[in-house]
Amino acid sequence: MFVSLEGPDGVGKTTQAALLAERLRAMGLEVVQCREPGGTELGERVRAVLLDPQVTMGDRAEALLFAAARAEITQEVIAPAVERGAWVVCDRFIDSSLVYQGIARGIGIEPILDVSLFATGGVLPARTLVLHGVDRRDDEPDRMEAAGADFHARVAAGFIELAALEPERIRLVDARGAQDEVAGRIWDALEGLHP
Ligand code: TYD
């Protein structure tokens, strides 16, 4: 079973991905946790380039680099794990590209969806949980985080817009409140897929 956690920067996805993985493991399931961009040798190197504030790049190059990292993690990690029946919990996946590059950068959802599906060979999460409603960013901004308040407002609105386009796969989860409350909402949003 493949699920992804999504949302704007600083919404607490990483903590929640770990809590979800822990809960599934406690049930005796094999869980593969990953993050995007990254998770492979190639992906981690591409990540370093993508997030480096010293590197300038056009929007299309940026979109293709995210897609390249995604192609690799899908082939090396995600597809084999799903194949052997493991749970995969991925911190960001295709929907980050649809929102950050497609909507916020203005390339458009359609071309980014085409590129991303080419990258993954059609692999999509069975369920995507979009966290929203808080901003807990507190560290030095990376290249993406330094993109400005307007950009990040488009990202936040973009995730809501995207969720409305694919309501069966993409579920909005209120990220306000205590960690365990949010974890409970995430669990509930996996209805129909529970092990
Ligand atoms: P990361 O440090 O993983 O951010 P977070 O902890 O908020 O998930 O950095 C990933 C950044 O890259 C983040 O700003 C979102 C952005 N991103 C895209 O723009 N497109 C993508 O396809 C992906 C996967 C991430």
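Both ligands and their constituent atoms are indexed starting at 1 by order of listing. Note that the coordinates shown come from a computational prediction; the quantities given were computed from them, not determined experimentally. For reference, positions follow the sequence shown, starting with 1.
Geometric assessment of R105 against the ring of Y100 yields a negative cation-pi assignment under the 6.0 Å and 45° thresholds.
Between the R92 side chain and the K13 main chain, no donor and acceptor come within less than 3.5 Å of each other. Judged by distance alone, the side chain of E62 and the main-chain N or O of M57 form no donor-acceptor pair under 3.5 Å. A donor-acceptor distance shorter than 3.5 angstrom exists from the side chain of R154 to the backbone of A104, with no hydrogens or angles considered. Looking at E6, its side chain does come within 3.5 Å of a backbone N or O of F93 through a donor-acceptor pair.
Salt-bridge formation is not detected for the pair E181/R176: no Lys NZ or Arg NE/NH1/NH2 atom is positioned less than 4.0 Å from an Asp or Glu carboxylate oxygen.
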Could you check ligand 1 for N or O atoms lying under 3.5 Å from protein N or O atoms and list the pairs with distances?
unit_1: ligand 1; atom_1: 2 (O); unit_2: R47; atom_2: NH2; d: 3.0
unit_1: ligand 1; atom_1: 3 (O); unit_2: R47; atom_2: NH1; d: 3.4
unit_1: ligand 1; atom_1: 3 (O); unit_2: R47; atom_2: NH2; d: 3.2
unit_1: ligand 1; atom_1: 7 (O); unit_2: D9; atom_2: OD2; d: 3.2
unit_1: ligand 1; atom_1: 7 (O); unit_2: R92; atom_2: NH2; d: 3.1
unit_1: ligand 1; atom_1: 8 (O); unit_2: K13; atom_2: NZ; d: 2.9
unit_1: ligand 1; atom_1: 8 (O); unit_2: R92; atom_2: NE; d: 2.7
unit_1: ligand 1; atom_1: 8 (O); unit_2: R92; atom_2: NH2; d: 3.3
unit_1: ligand 1; atom_1: 14 (O); unit_2: D9; atom_2: OD1; d: 3.3
unit_1: ligand 1; atom_1: 14 (O); unit_2: D9; atom_2: OD2; d: 2.7
unit_1: ligand 1; atom_1: 19 (O); unit_2: Q101; atom_2: NE2; d: 2.9
unit_1: ligand 1; atom_1: 20 (N); unit_2: Q101; atom_2: OE1; d: 2.8
unit_1: ligand 1; atom_1: 22 (O); unit_2: R70; atom_2: NH2; d: 2.9
unit_1: ligand 1; atom_1: 22 (O); unit_2: S97; atom_2: N; d: 3.2
unit_1: ligand 1; atom_1: 22 (O); unit_2: S97; atom_2: OG; d: 2.5

